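Have a look at the structure below, then the notes.
Please read all numbers here as calculations on a predicted model, not as lab measurements. The figures here come from the full heavy-atom set of this structure, side chains too, leaving out hydrogens, waters and symmetry mates. All chains are named by letter (A, B, ...) in the order of the sequence lines, taking the proteins before the strands, and each is independently numbered beginning at 1.
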Amino acid sequence: MKLSNYYLPTLREVPADAEIPSHQLMLRAGMIRSLSAGIYSYLPLGYRVIRKVEQIVREEMDRSGALEVLMPAMQIADIWKESGRWEEFGPLMVRFKDRNEREYCLGPTHEEVIADIVRDEVRSYKDLPFNLYQIQTKVRDEIRPRFGLMRAKEFIMKDAYTLDRDEEGLDKAYQNMYDAYVRVFERCGLDTRVVEADSGAMGGSGSHEFMVLADSGEDDLAFCTDCDYAANVERAEAGLEISSSGASASAADNDPAADEAAAIEKVHTPDATTIEDLVNMIEVSPKKMIKTMAYVADDKPVVALIRGDDQLNEVKFRNHLGAIELRPAHPDEFPERFGSVAGFIGPVDLPEDIKIVADSRIQELEQAVTGANQKDYHLVNVNPHRDIKEIEAFTELRTVQAGDPCPKCGGALEIKSGIEVGHIFKLGTKYSSSMEATYLDENGREQPIVMGSYGIGVTRVAAAAVEQHHDERGIVWPLPLAPYQVIILPLGNSSEVSQAAEELYQELQDAGLEVLLDDRDERAGVKFNDAELIGIPLRITIGSRSLEKEEFEVQIRRSGEEFNIDRSTASAEIKKLLEEEIE
RNA sequence: CGGGCUGUGGCGCAGUUUGGUAGCGCACCUGCUUUGGGAGCAGGGGGUCCUCGGUUCAAAUCCGAGCAGCCCGACCA
């Protein structure tokens with residue numbers, strides 16, 4: 001394509017609204033424009049990248065035996081009510097009514113539609129297994145869209161669904177998709193890690209996320225420095241810690257004198273509503289404090305007990321409770337529902353209807369500090385086993401931190417941030433059961449189809465690629481995702497130069513390469529800067545200076561390397577350079 | 001949904017404290033010169049100053065309400 005007839009609105013300055021590199025650069029490179037927060041148009045250059053990602057995904061899905069379909073973006077509420085997710089999805093789903101007051105949503109995902117498609121047609125075990133996928137725009141009313149394509153309200157996703165007879169079939173299908181995903185991200189030139197994940201609202205038994213490591217990532221990931229353990233911190237568990245306080249706690253249990261020596265005391269702690277305030281006021285280590293986190297789970301009051309220096313992991317808490325809706329209690333709710341005041345709530349003598357769940361680390365605490373359920377007072381010398389009678393369970397509720405022991409090998413965990421570009425789930429029979437998608441097995445018995453679901457955020461992959469591949473001059477596309485492979489810059493206005501450029505352009509195009517010709521009437525600096533900003537892997541400069549010697553100048557975007565090539569062998573040389581660039 | 005910041009030409013911003021009829025850089029158009037890393041000179045076009053209401057002789061500026069965008073948090077396949 002010739003830039004003189006292209007729509008490439010590059011920006012010299014960084015748009016004020018964009019925070020992270022991929023957002024800034026995609027705007028500056030004229031790839032995307034936003035219509036509203038989290039809603040984007042993909043301009044010609046940007047859409048080419050999207051299509052490159054789609055094509056790689058498509059090829060690998062096809063290779064894995066999956067079949068491409070296209071499902072409706074507009075879905076009826078009925079199927080969501082059947083699966084129970086009409087309520088569960090909450091405000092994340094964009095809903096509307098047609099002229100007849102019939103309820104619809106814009107598909108945030110397609111498990112229900114898949115179940116509907118197959119339930120009427122799949123009758124026998126002989127019809128299974130198979131795998132359907134689509135590449136389509138998904139719509140989710142994100143609470144807070146941000147970071148450009150990274151978290152948008154409308155985004156392109158590849159979603160695949162496997163349908164199997166049993167768990168064994170699902171395991172195979174899951175592994176097949178896992179392998180396909182590894183190939184997809186490798187081909188995209190992305191450095192990804194696979195981590196164990198929480199399956200969240202999707203339900204199901206097993207789940208892995210494919211993560212691109214990047215500082216701007218919204219997910220925290222725990223990696224073991226010694227073994228291959230890797231998990232999203234939402235799910236990551238810490239191994240057992242052999243601590244001295246743990247040992248002494250059991251000793252204390254056997255020593256009634258120790259308990260007596262440490263009777264509960266109420267201390268005046270005016271305005272100390274945070275752990276930090278308390279540390280300053282009574283000089284106790286946060287490790288000796290019990291944080292009491294008040295939540296409302298499906299409209300019932302619950303509290304989580306966490307050591308003062310730990311963070312509550314809401315996913316673990318929610319999973320333990322089996323709750324659908326879990327939210328922090330609002331301060332206004334404290335007096336009535338928790339019999340206390342925000343900032344001073346504690347587990348000792350709470351109203352009886354409140355469920356108490358404690359992190360396993362609470363078990364080994366003694367002479368701890370916690371809220372007194374009375375404004376401006378805390379309790380000291382609290383021993384959980386003696387003083388908190390209604391603890392429903394001790395379980396791991398805390399978020400793992402760097403340095404925590406690995407659950408697999410005991411080595412130290414480290415925390416890195418990552419961008420979730422793919423997520424695979426073993427759904428099991430959650431949707432097939434509720435929506436009656438069944439088949440008859442060899443014995444003529446009706447069985448629910450066993451499903452898996454597999455997503456790749458296509459637009460997010462493009463953004464993640466920019467996060468991982470850019471420098472101070474702009475984007476540095478990995479060759480497989482580059483919108484064009486080569487850009488030719490004729491400099492000056494001599495007809496020899498433009499003729500040579502035109503010839504090379506034709507030659508490269510005939511050779512099947514994707515080529516841009518910057519034939520705009522712009523100064524050299526403008527052309528150089530734009531070429532580097534949009535990140536084309538190979539830049540060919542043609543100017544009278546080198547043309548006199550029958551040479552073209554090459555710059556490799558990634559390395560910055562520059563050298564000359566002979567005009568006569570240019571196109572063969574360029575092809576060779578591109579092949580090398582793939583490796 | 002809570003906290004903070006911001007809305008002035010396509011982009012980046014000043015002007016708001018102290019009210020007086022809108023400005024700078026970039027981009028854009030015309031001409032001349034220039035032409036290998038975001039050109040120079042001259043001339044020119046473009047703005048409901050987010051919206052609505054109020055105060056005032058007079059509002060970008062003061063007051064009230066609303067809307068939008070961004071950041072932090074909450075939340076979120």
**OP:** Answer yes if the ring centres of A/Phe317 and A/Tyr295 are under 6.0 angstrom apart, and no otherwise.
**Re:** yes
Original post:
Are any of the side-chain heavy atoms of A/Asp310 and A/Thr399 separated by less than 4.5 Å?
Top reply: no
How far does the [atom1] atom of [N] sit from the matching atom of [M], given to the nearest Å?
| N | M | atom1 | result |
| --- | --- | --- | --- |
| B/C26 | B/G9 | C1' | 12 Å |
| B/G12 | B/A27 | C1' | 11 Å |
| B/G20 | B/C63 | P | 15 Å |
| B/C41 | B/A65 | P | 49 Å |
| B/C5 | B/G46 | P | 37 Å |
| B/G45 | B/U30 | P | 15 Å |
| B/G66 | B/G7 | C1' | 14 Å |
| B/G25 | B/G19 | C1' | 27 Å |

Which nucleotide wins on minimum distance to the side chain of [X], given the candidates [options]?
| X | options | answer |
| --- | --- | --- |
| A/Arg144 | B/C1, B/C71, B/G69 | B/C71 |
| A/Glu314 | B/C75, B/G36, B/U35 | B/C75 |
| A/Ala37 | B/G37, B/A27, B/G69 | B/G69 |
| A/Arg523 | B/G69, B/G36, B/A39 | B/A39 |
| A/Ile143 | B/C76, B/G38, B/G69 | B/C76 |

Are [X] and [Y] linked by a side-chain donor-acceptor pair shorter than 3.5 Å?
| X | Y | answer |
| --- | --- | --- |
| A/Thr162 | A/Tyr174 | no |
| A/Ser546 | A/Glu548 | no |
| A/Glu234 | A/Asn313 | no |
| A/Glu467 | A/His470 | no |

Between [atom2] of [N] and [atom1] of [X], the distance in whole Å:
| X | N | atom1 | atom2 | result |
| --- | --- | --- | --- | --- |
| A/Leu27 | B/C70 | CG | P | 11 Å |
| A/Met293 | B/G73 | CE | C1' | 13 Å |
| A/Glu19 | B/U6 | CD | P | 16 Å |
| A/Arg520 | B/C28 | CZ | C1' | 15 Å |

**OP:** Measure distances between side-chain N and O atoms of A/Glu532 and base N and O atoms of B/G37, and say whether any donor-acceptor pair falls under 3.5 Å.
**Re:** yes
Subject >> Donor-acceptor pair present, A/Arg151 side chain and B/C76 base, under 3.5 Å >> reply: yes
One thing to verify: whether [Y] and [X] come together as a salt bridge, which I'm taking to mean a side-chain N less than 4.0 angstrom from a carboxylate O.
| X | Y | value |
| --- | --- | --- |
| A/Glu111 | A/Arg85 | yes |
| A/Glu68 | A/Arg58 | yes |
| A/Lys153 | A/Glu142 | no |
| A/Glu396 | A/Lys316 | yes |

Subject >> First of A/Tyr295 and A/Pro145 reached from the 5' end of RNA chain B, by closest nucleotide >> reply: A/Pro145
**OP:** Tell me which of A/Glu218 and A/Gly38 sits closer to the 5' end of RNA chain B, going by the nucleotide each one is nearest to.
**Re:** A/Gly38
By side-chain contact (heavy atoms from CB on, under 4.5 Å) - contacts of [X] (at least two apart):
| X | value |
| --- | --- |
| A/Tyr178 | A/Gln175, A/Val182, A/Val194, A/His208, A/Phe210, A/Ile424 |
| A/Ile117 | A/Met71, A/Val113 |
| A/Lys300 | none |

Subject >> Contact letters for nucleotides 8-14 of chain B, in which S counts primed atoms plus P, OP1 and OP2 and B counts the base, heavy atoms under 4.0 Å >> reply: ---BSS-
Original post:
According to a strict under-4.0 Å criterion, is A/Arg146 in side-chain N/O contact with OP1 or OP2 of B/C76?
Top reply: no
Please classify the nucleic acid contact of [X] as base, sugar-phosphate, or nothing, using heavy-atom distances under 4.0 Å.
| X | answer |
| --- | --- |
| A/Arg473 | base |
| A/Arg318 | sugar-phosphate |
| A/Phe155 | base |

**OP:** Please work out which residues in residues 496-505 of chain A have a non-hydrogen atom less than 4.0 Å from an atom of RNA chain B and list them by number.
**Re:** none
Original post:
What are the residues of residues 539-550 of chain A, sorted by number, that bring a heavy atom to within less than 4.0 Å of RNA chain B?
Top reply: A/Arg539, A/Gly543, A/Ser544, A/Arg545, A/Ser546
